There are 2 protein chains.
Amino acid sequence: MDELFTNIGSKLTLSQKIERKIEAAIREKKLPVGSKLPTERELCGAFGVSRTALREALRRLSARGLIEITKGSGMTVTGFKVDDAIKTMDLYYDMQFDQNLIPQIIEVRRLFEPQIAGLAAAQRTQNDLSDIQENIELFRACDPDNIQLESDLDNKFHLLIARATHNPIVQITMEPIYSLLPRMRNFIYASVDDEKEVTHESHLLIFDAINKQKHTDATKAMNEHLDRTYEIYKRYLHTTFEK
Amino acid sequence: MDELFTNIGSKLTLSQKIERKIEAAIREKKLPVGSKLPTERELCGAFGVSRTALREALRRLSARGLIEITKGSGMTVTGFKVDDAIKTMDLYYDMQFDQNLIPQIIEVRRLFEPQIAGLAAAQRTQNDLSDIQENIELFRACDPDNIQLESDLDNKFHLLIARATHNPIVQITMEPIYSLLPRMRNFIYASVDDEKEVTHESHLLIFDAINKQKHTDATKAMNEHLDRTYEIYKRYLHTTFEK
DNA sequence: ACTTGTAAGATGTATTACAAATTTAAACTA
DNA sequence: TAGTTTAAATTTGTAATACATCTTACAAGT
């Protein structure tokens with residue numbers, strides 16, 4: 001009797017059923033991206049439900065990034081672009097943020113970023129190069145006492161390289177991680193003295209390889225750069241907890 | 001007059017303001033995961049808004065996976081776990097799915113999976129090993145005419161290795177990709193003849209390296225395995241479009 | 001041609017009422 | 001007393017109506 005009588009009533013609320021119907025229509029391109037949805041009144045009539053139930057379904061869809069609602073104007077199908085996915089990942093990392101997420105993030109960076117640098121060397125455009133170069137210059141020129149700006153620029157450097165791959169999946173994977181790094185600054189970045197000079201040199205090396213489209217060199221340079229970050233992290237753990 | 005008269009109204013709807021307030025409370029752990037929210041009526045009183053506006057805010061939060069609403073019972077703060085993030089990524093890939101997503105996915109796999117195999121060699125447990133071994137055995141024994149099962153097992157193999165890293169970020173990155181692969185089967189997998197034997201051999205090689213915790217060998221074996229996949233893909237493109 | 005005013009149409013919010021599910025506690029039975 | 005049933009109270013879900021606010025289009029006026 002366990003398996004027999006389960007799942008009879010769908011247990012979904014009416015507004016959830018409506019949500020799924022519209023979502024399915026969007027996924028199947030029956031409602032193509034950019035098209036306008038019928039008005040609320042029309043949809044109420046079509047589904048045969050009250051405006052309350054319909055609107056709650058629409059709120060769900062807009063919260064998830066599937067549609068966009070403009071007061072006075074109407075509703076349009078919005079595609080669900082890279083930024084929506086990145087925001088969701090941001091939320092995830094925010095909720096999961098704790099001490100033991102840090103080693104996991106470092107692990108992923110050491111795993112992926114050298115490869116990313118290698119791909120960037122192959123795919124980068126002139127725009128990418130000038131963006132990275134500008135970032136390096138800003139980093140070099142910034143006040144050594146301004147730890148916040150310094151580490152922000154450092155993160156931006158890695159972000160720009162990820163974007164230079166021109167692969168949106170790489171972006172979605174890495175951008176939420178970079179936006180999380182500022183919160184780890186107190187754990188890692190601040191504990192070093194002559195950090196800035198060494199970082200600047202590393203960045204130059206990486207940029208040079210990407211500029212010259214030397215795939216292997218870029219991978220290697222990024223690898224060594226992150227190895228140093230890891231050493232700093234380990235040193236921090238040592239000085240803080242071991243005593 | 002440029003700076004003076006800009007940005008007066010926040011342009012956020014009331015329900016969006018409410019959504020952000022509650023979201024902030026959750027992110028700041030003022031509403032810890034697992035705790036129950038006040039009832040709708042209480043929240044209406046607290047915020048001084050109508051039930052309509054409040055409920056639309058709550059619909060948004062539940063759609064995004066931040067809270068769970070149970071009819072008759074109440075509302076609780078849910079964790080926003082790995083599965084929520086994966087579902088979002090699934091939606092993204094579903095919406096972006098087109099011809100040129102395929103090369104991007106292949107690119108990411110060739111970029112990341114060898115590294116993942118290397119990490120798996122270091123982190124795998126006995127459970128991981130037996131799971132992978134079972135998968136290999138099922139693959140070997142499956143009917144060669146059952147293309148569907150065959151490619152599902154193939155995907156599962158790679159999924160198990162990603163899990164063997166025991167790094168949730170790796171999971172979130174790769175799992176949505178694997179769940180997308182079945183839709184690419186028609187594009188890639190089916191066009192090969194003696195695919196199964198070769199795949200089986202490759203999988204054995206990779207497993208062996210992971211089993212013996214040989215980091216470099218695992219990376220290399222996975223690399224070669226994916227190179228072959230890429231060759232198949234190129235061959236498919238050639239035979240299909242070029243003529 | 002440009003600005004302003006007006007009306008129509010769309011989404012946003014408020015209110016009231018009731019339906020349906022769950023929880024709680026009382027009443028009842030063995 | 002322990003367990004079960006019943007009933008009431010609580011909570012979320014849906015409906016219906018009214019009005020507010022924003023957008024757009026178009027007409028009117030300068």
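Every chain is numbered from 1 and lettered A, B, ... according to where its sequence line falls, protein lines coming before strand lines. Note that the structure is predicted; figures quoted are calculated from it, not measured.
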S.K.: Kindly give the heavy-atom pair with the smallest separation between Asn135(B) and Leu153(B), and that separation in Å.
M.R.: ND2-O, 3.1 Å
S.K.: Rounding to an integer number of Å, can you tell me how far Lys11(B) NZ sits from dT23(D) P?
M.R.: 8 Å
S.K.: To the nearest Å, give me how far apart CE (Met75(B)) and C1' (dT10(D)) are.
M.R.: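 Value for this atom pair: 13 Å.
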S.K.: Ignoring hydrogens and geometry beyond distance, is the side chain of Thr52(A) in donor-acceptor contact with the base of dA15(D) at under 3.5 Å?
M.R.: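 Between dA15(D) and Thr52(A), which were checked side chain against base, a qualifying N/O pair under 3.5 Å is present.
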S.K.: Taking the basic N atoms (NZ, or NE/NH1/NH2) and the acidic carboxylate oxygens, is any pair closer than 4.0 Å for Arg140(A) and Glu137(A)?
M.R.: yes
S.K.: In whole angstrom, give the distance that lies between atom NZ of Lys17(B) and atom C1' of dT13(C).
M.R.: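 Going from Lys17(B) (NZ) to dT13(C) (C1'), I get 12 Å.
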S.K.: Whole angstrom is fine here: how far is it from CZ in Arg41(B) over to C1' in dT15(C)?
M.R.: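 The distance from CZ of Arg41(B) to C1' of dT15(C) comes to 12 Å, rounded to the nearest Å.
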S.K.: Between Ile106(B) and Thr229(B), is any pair of side-chain heavy atoms under 4.5 Å apart?
M.R.: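 A side-chain contact under 4.5 Å is absent here.
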S.K.: Scan side-chain atoms only and decide if Ser15(A) and Arg60(A) contain a donor-acceptor pair under the 3.5 Å cut-off.
M.R.: yes
S.K.: Could you tell me how far apart Glu40(B) (CD) and dT15(C) (C1') are, to the nearest whole angstrom?
M.R.: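 Checked: the CD to C1' distance equals 15 Å.
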S.K.: Output the single nucleotide from dG13(D), dA10(C), dT13(C) whose closest atom is nearest the side chain of Thr39(A).
M.R.: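 The listed nucleotide nearest to Thr39(A)'s side chain is dA10(C).
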S.K.: In residues 55-63 of chain B, which residues come under 4.0 Å of DNA chain D by heavy atom?
M.R.: Arg55(B), Arg59(B)
S.K.: Please determine if a side-chain N or O atom of Ser50(A) lies less than 4.0 Å away from the OP1 or OP2 oxygen of dA15(D).
M.R.: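 Checking Ser50(A) against dA15(D): at least one side-chain N or O falls below 4.0 Å of OP1 or OP2.
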S.K.: Whole angstroms only, please: what is the CD1-P distance between Ile67(B) and dT11(D)?
M.R.: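 Value for this atom pair: 16 Å.
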S.K.: Does a donor on one side chain sit under 3.5 Å from an acceptor on the other, for Ser151(B) and Asp154(B)?
M.R.: no
S.K.: Do the ring planes of His203(A) and Phe157(A) sit parallel (below 30°), tilted (30 to 60°) or perpendicular (above 60°)?
M.R.: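 Rings of His203(A) and Phe157(A): parallel, as their planes differ by under 30°.
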S.K.: I need the CZ-P distance between Arg51(A) and dT11(C), as an integer number of Å.
M.R.: 7 Å
S.K.: Please report the closest heavy-atom contact between Gly65(B) and Thr78(B), naming both atoms and the distance.
M.R.: O-OG1, 3.0 Å
S.K.: For the residue pair Ser130(A) and Gln133(A), confirm or rule out a side-chain donor-acceptor distance under 3.5 Å.
M.R.: no
S.K.: Looking just at side-chain N and O atoms, do Gln104(B) and Asn167(A) make a donor-acceptor pair shorter than 3.5 Å?
M.R.: no
S.K.: Nearest whole angstrom, please: distance from the C1' of dT13(C) to the CD1 of Ile69(A).
M.R.: 14 Å
S.K.: Give me the distances for all protein-to-nucleotides 20-23 of chain C N/O pairs that come in under 3.5 Å?
M.R.:
| residue | atom | partner | partner atom | Å |
| --- | --- | --- | --- | --- |
| dA20(C) | O4' | Lys71(B) | NZ | 3.3 |
| dA20(C) | O3' | Lys71(B) | NZ | 3.4 |

S.K.: Which is more 5' along DNA chain D, the nucleotide nearest Leu37(B) or the one nearest Gly48(A)? Just name the residue.
M.R.: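 Looking at the nearest nucleotide for each, Leu37(B) comes out on the 5' side.
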